[in-house]
Undergrad: 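I have a structure here, written as structure tokens, and I will follow up with some questions on it.
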Amino acid sequence: MNFDELYKQLVEDFKLTDLPEEDREDILLEVSKTIQKQFLFDVYDLIGEEQFAALQASASMGEEFYGTTLKHLLPNYEEVFQEARKKVVYSFNNK
């Protein structure tokens, strides 16, 4: 997942190009938290309570171990993340 591309995509999705950089960063931080929460809800729905608990436990073992566990439990996690992003963008743009 290319984070630079994702950043640019979010700036466009939320029409933030005209904002001062500091304001844009603040908004994108909050948007990122919302996308992350949606992603985790979606992961939970896909892998179930037991595997999700294992995934959460792996987070305490470091970022690399968490990433490996996520890839093992949900090989298409990048697609799931993109769908979570789309849900958040859609909700924002249709209010």
Side-chain angles (χ1 to χ4, degrees):
M1 194 174 316
N2 184 324
F3 291 106
D4 289 333
E5 282 184 33
L6 180 59
Y7 177 86
K8 290 176 186 174
Q9 200 172 29
L10 288 173
V11 168
E12 290 177 21
D13 288 341
F14 290 95
K15 300 167 182 61
L16 303 174
T17 53
D18 294 335
L19 287 179
E21 188 171 343
E22 185 177 320
D23 293 340
R24 185 171 51 226
E25 294 292 328
D26 290 344
I27 291 171
L28 287 177
L29 178 61
E30 293 305 315
V31 167
S32 296
K33 289 177 185 179
T34 303
I35 293 171
Q36 183 178 17
K37 287 176 186 175
Q38 182 63 55
F39 173 70
L40 291 174
F41 287 136
D42 293 347
V43 168
Y44 182 89
D45 288 343
L46 291 168
I47 66 176
E49 183 177 353
E50 187 175 311
Q51 288 184 331
F52 189 80
L55 177 64
Q56 292 302 95
S58 74
S60 67
M61 297 176 196
E63 189 175 319
E64 187 174 328
F65 190 76
Y66 178 82
T68 301
T69 304
L70 179 60
K71 289 175 188 175
H72 174 73
L73 293 174
L74 194 63
N76 66 332
Y77 75 95
E78 286 189 13
E79 293 172 24
V80 174
F81 179 83
Q82 288 299 336
E83 285 302 312
R85 183 191 65 78
K86 287 178 186 176
K87 288 177 186 177
V88 172
V89 170
Y90 178 81
S91 292
F92 176 80
N93 288 328
N94 288 300
K95 284 192 173 187

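Model, not experiment: these values are computed from the prediction.
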Undergrad: When you look at CZ of F41, are more than 12 heavy atoms from neighbouring residues, nucleotides or ligands closer to it than 6.0 Å?
TA: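 For F41, atom CZ is not crowded (no more than 12 foreign heavy atoms under 6.0 Å).
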Undergrad: State the CG-CD1 distance between L40 and I35, to the nearest 0.5 angstrom.
TA: 12.0 Å
Undergrad: Starting at OG1 of T34, measure out to CG of L29 and round the result to the nearest 0.5 Å.
TA: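 Separation between the atoms: 9.5 Å.
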Undergrad: Under the side chain to side chain donor-acceptor pair (under 3.5 Å) rule, what pairs show up with a residue in residues 12-21, not counting sequence neighbours?
TA: D13-R85
Undergrad: Taking salt bridge (Lys or Arg N to Asp or Glu O under 4.0 Å) as the test, write out the residues that go with E30, two or more places apart.
TA: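 Salt bridge (Lys or Arg N to Asp or Glu O under 4.0 Å) check on E30 returns K33.
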Undergrad: Taking salt bridge (Lys or Arg N to Asp or Glu O under 4.0 Å) as the definition, give me every residue that meets it alongside R24, ordered by chain and number, with sequence neighbours left out.
TA: none
Undergrad: List the residues meeting ring pair (Phe, Tyr, Trp, His ring centres under 6.0 Å) with Y44, not counting sequence neighbours, and say none if there are none.
TA: F52
Undergrad: Mind checking the CG-CG spacing from L55 to L73? Nearest 0.5 Å is all I need.
TA: 6.0 Å
Undergrad: Quick one: does V43's side chain get under 4.5 Å of Y77's, heavy atoms only?
TA: no
Undergrad: Hey, quick one: are L19 and Y7 part of the same hydrophobic cluster, counting side-chain heavy atoms closer than 4.5 Å, chains of contacts allowed?
TA: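 Linked, L19 and Y7 end up in one cluster.
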Undergrad: Taking everything shown except Q36 itself, do over 12 heavy atoms lie less than 6.0 Å from its CD?
TA: no
Undergrad: Restricting to pairs with a member in residues 48-63, which pass side chain to side chain donor-acceptor pair (under 3.5 Å), not counting sequence neighbours?
TA: none
Undergrad: Under the rule for side-chain hydrogen bond (donor to acceptor under 3.5 Å, both in side chains), what residues qualify as partners of K87, not counting sequence neighbours?
TA: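 Per chain and number, K87 pairs via side-chain hydrogen bond (donor to acceptor under 3.5 Å, both in side chains) with D42.
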Undergrad: Out of curiosity, L28 CG to L16 CG, how far, rounded to the nearest 0.5 Å?
TA: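 Here the rounded value is 5.5 Å.
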Undergrad: What residues form a side-chain contact (heavy atoms from CB on, under 4.5 Å) with N76, not counting sequence neighbours?
TA: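 N76 satisfies side-chain contact (heavy atoms from CB on, under 4.5 Å) with L74, E79, V80 only.
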Undergrad: Taking atom OG1 of T69 and atom CD of E64, what is their separation to the nearest 0.5 Å?
TA: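 Going from OG1 on T69 over to CD on E64, the span is 10.5 Å.
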Undergrad: Excluding sequence neighbours, so at least two apart, what forms salt bridge (Lys or Arg N to Asp or Glu O under 4.0 Å) with K37?
TA: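 K37: no salt bridge (Lys or Arg N to Asp or Glu O under 4.0 Å) contacts found.
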Undergrad: Among the clusters formed by ILVMFWY side chains lying less than 4.5 Å apart, do L46 and Y66 turn up in the same one?
TA: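 L46 clusters together with Y66.
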Undergrad: Taking ring pair (Phe, Tyr, Trp, His ring centres under 6.0 Å) as the definition, give me every residue that meets it alongside F92, ordered by chain and number, with sequence neighbours left out.
TA: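 Ring pair (Phe, Tyr, Trp, His ring centres under 6.0 Å) list for F92, sorted by chain: F14.
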Undergrad: Once salt bridge (Lys or Arg N to Asp or Glu O under 4.0 Å) is applied, do any residues pair with E25, and if so which ones, sequence neighbours excluded?
TA: none
